[in-house]
Structure formats: structure tokens, C-alpha cells
Amino acid sequence: MASVRLTDRPLSVASAFRALEARGAGGVTIFVGRVRPDPGTGGRVVALVYEAHRGPALARFRALAREAERRFPTLGLVLWHRTGRLRVGEISVIVGAACAHRAPAFATARFLIEDLKVTVPIWKSERARPARRPRRPRDRRVGRSAG
Amino acid sequence: MASVRLTDRPLSVASAFRALEARGAGGVTIFVGRVRPDPGTGGRVVALVYEAHRGPALARFRALAREAERRFPTLGLVLWHRTGRLRVGEISVIVGAACAHRAPAFATARFLIEDLKVTVPIWKSERARPARRPRRPRDRRVGRSAG
Amino acid sequence: MARPVTVLLFAGARVAVGRAELRWSVPAGGLAAGELARQIAAEYPRLAPILRSSRLVHNGEYVRGPSETVRPGDEFAIHPPYGGG
Amino acid sequence: MARPVTVLLFAGARVAVGRAELRWSVPAGGLAAGELARQIAAEYPRLAPILRSSRLVHNGEYVRGPSETVRPGDEFAIHPPYGGG
């Protein structure tokens, strides 16, 4: 059973774990991707905007889940991705796998995230705070009444 | 920062994820171990009892966390294990790693669970529903209550 | 009059065109996917270098070849390299 | 009279002895760890095969050698192979 989701609402790790509940699942591996404050080209990243081609993205999620189920002995899968504007620290993606044992749970989760990044039509663009302040003199007009 | 815990209270994946919150952590991998209903020697497993040598177990958790921090670029670690009687489906162990990127997050979580299983003084014993009725009266002495 | 093709633009393609979506008129009998992409790049020259590393998507499926026919009312999308996660 | 050594038994060792904890009298000057383990196994013969695959722990640290001295009041533990997770 695979849960696929593409949503502009926040993703929850607790919900993802619940979606992976399966009798016999002795090992569950969950990978969570979060927005990092890496220096972007335009300064420090304060947010990322994720866009997706929704229909093809969901179709690819489902195909990827079927592929994972063929390759690994899985009992449950999660492929969730968020879209829209995300602030630093927010969760962009959760993938997870429930298996009887830990080795395939790790292998499946890794497979899902590696494949997702290169085959699912989702893109991110940075929204950065400028690295330096603008050099232009500020308007210091005197006598301006504040407020 | 590493969170180590040995407790007879239920473990929560949501709490583990919160313990892994760290600015700059772009990738978080969590592994959850659950009690499986595998056929044991005495029939179908209905519970596992985990016992631990508490002081040495916590000391080994801390040493294992330091070792992980030396080997991998980690921003947060979780090593939590439950003790006492657990029913099928309950969580026995959660390990997790927060890193800037996904590859070390996966490698660290895998390292933690593989090492934990062979170096931490924790033991499990099965409590099974007998496959057949016992042939002689069973000794009903209850096991050591783990601390 | 024939309905236009809806052209969806993502990421760098969206930035190059300045819009996420275009309506593109095609003949009633349709137009080859390669020719449609060429026409759009001719109108928006900054799109040309992006097209070279992009995949073309027709009604939600990857275009199998430049001669595939795109018909009025179809959806056509330009997918620069993906970057989710 | 000297305080006994507290002997902690886990997993198979606990099952073999039938108890999780023993109090074991040792001379005031202590007893070699190897000799202590031998004495316990002599009293509980089902423990002997388990001891061969177990590690001995003295006051929370692995015993460095069989001649390490265990003194009255110390904690001594028998660790069969671990199986957490």
C-alpha cells in the first residue's frame, strides 16, 4: 500500500508514520527533507518555492511506488511532497518505507528519494534575503515628520 | 547534540523528529523498529520483553553517539530504546540523524541501528501464544522488569 | 475557430517567458511538437537555451518524438530538469 | 562480615539461573573475576554453556581479564550476546 500526496499544506512526520502502519512491519525508515538556509546566489535563503506539474507528478509518484514494490519487499510506502512557498526549516518532502526488516526499509527509502529528485516534475526556486545592504545613499531628508 | 533514552514508556516518532530539529538540517532520517508477529520457537509472538543493563546501556548509547559524530557530519542524533513488555506493533527502538544532506543522514541512521544491535546491553525475549498447548505445566515466573 | 493549445511553463522556462501559461494557436489539423516548441522559442528567445535541456510533455506524457502531433485543446508542457526534494 | 557482590543476570543467563540477581559472598580481599564466574557456574550448571559466549562486566565496565579483582560490594554482571533493536 502506497500513500502519495502533493499538497500545499504542511507535512507531518507523525502522519507519515501512521500511514506506514502495517502488521508485520518490523522496520520503518522515514526520510524528511527540510528547507536549509544555504547561501543562494542572491544571499541567504529565507524560503523556497516549490512548483509541480501536478498530474504528471502524481502519476510519477504512483509509478515510482509500483517500481519500489517490485524491487523491494515492502509493506507500506509514503511519497509526500509539499508545494508552494516554504520557510527555512519547513518540511518539503517525506518518503518512507515499512518492511519486515531494516535493510530493505533503508534501501527502499533511499531509492524513493533518489529517484524522486530526478524523475518527478517538481522544481524549487530560492527566495533569498540579499547578502549585503544596497550601497545607494539613503534618503536622509531632514525635517520629515515621522509617522 | 544527541538525545539518548532508555525508557519503559512508549516511544513517539513525532517526539523523535522534534528532538532532531536543527537549523541547517536539510535531511533527517529516522529508523523505527517495531515488534513483529513472527513465529517464534513457542508459537506466534504476541509480545517481546526487552531487558537492559541500564547504566552500561546508556553509557554505550552516549559512546555510540560520539562515534557517529566523529564519523559523520551530524547536526542531531536520537538513540531511543524501550524496555519492558511490548505488544506486537509497538515501537521498540527509534534512531535518527539530522544532517545538512541526505546521504550522511541515511548513513548515520544505518550506522546507529547496526551498532546498537550488537554493542548495547539490551536483550529481547519472546512471549508467544503457544502453537500447541504446552505438554507440561509452564513455569509462569515473570522475567526481570527492565529499567 | 480552433481552440488553442495550453502551454505550461515551469521553473527556468517560466522565468524566461515571464508567464506560467500561454495559449498557442495551432492549425485545426495540429502541429508537430518540435515545430510548436520552435515557434514558442522564436517568440521568447530566452527560452531557447532552456529548451535544449528540457523534456516536452504532451497531455501529461513525454513526447515520443518531434513529429508527434499536438492538436487544438491539448496541453503541452516544458519541463526543465527536475529539482524536488 | 563483608558485603556480598551483586551479580546481575540477563537473558539466557537469567533463565539458566532462574533469577535476575544473586548476592555472592567473596573474601574480604576480593576474588578474581574468572574464579567468581566459575563458582557461580558450579552452583548453576545450566549457566556454564551460556558463560562461554557471554561478556563479564564489573562495575559497569567490561572485565579486562580473568584475574581482575572483584571486591565486596561490587557489581558483577553476565552479558549474553546482545539483541536489542
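Chain identifiers are assigned alphabetically (A, B, ...) following the order of the sequence lines, protein sequences preceding nucleic acid strands; residue numbering begins at 1 within each chain.
For residues 84-99 of chain A, heavy-atom neighbours of chain C at less than 4.5 Å comprise A:S92, A:V93, sorted by residue number. Residues of residues 74-85 of chain C placed with any heavy atom under 4.5 Å of a heavy atom in chain A are listed by number as C:E75, C:A77, C:H79, C:P80, C:P81, C:Y82, C:G83, C:G84, C:G85. Interface with chain C: from residues 22-35 of chain A, no residue qualifies, criterion being any non-hydrogen pair under 4.5 Å.
A:A57 does not touch chain C: none of its heavy atoms, backbone or side chain, sits under 4.5 Å away. With a threshold of 4.5 angstrom between heavy atoms, A:H81 approaches chain C through side-chain atoms but not through N, CA, C or O. Interface remark: C:R14 contributes side-chain atoms only to the contact with chain A (heavy atom separation under 4.5 Å).
Here C:E68 pairs with C:H58 under the side-chain hydrogen bond (donor to acceptor under 3.5 Å, both in side chains) rule; sequence neighbours left out.
Contact count versus chain C (heavy atoms, under 4.5 Å) is highest, among A:T119, A:I113, A:L48, for A:T119. Interface remark: of the candidates A:G55, A:P121, A:P56, A:P121 forms the most heavy-atom pairs closer than 4.5 Å to chain C.
No donor-acceptor distance shorter than 3.5 angstrom exists from the side chain of A:E51 to the backbone of C:F10, with no hydrogens or angles considered.
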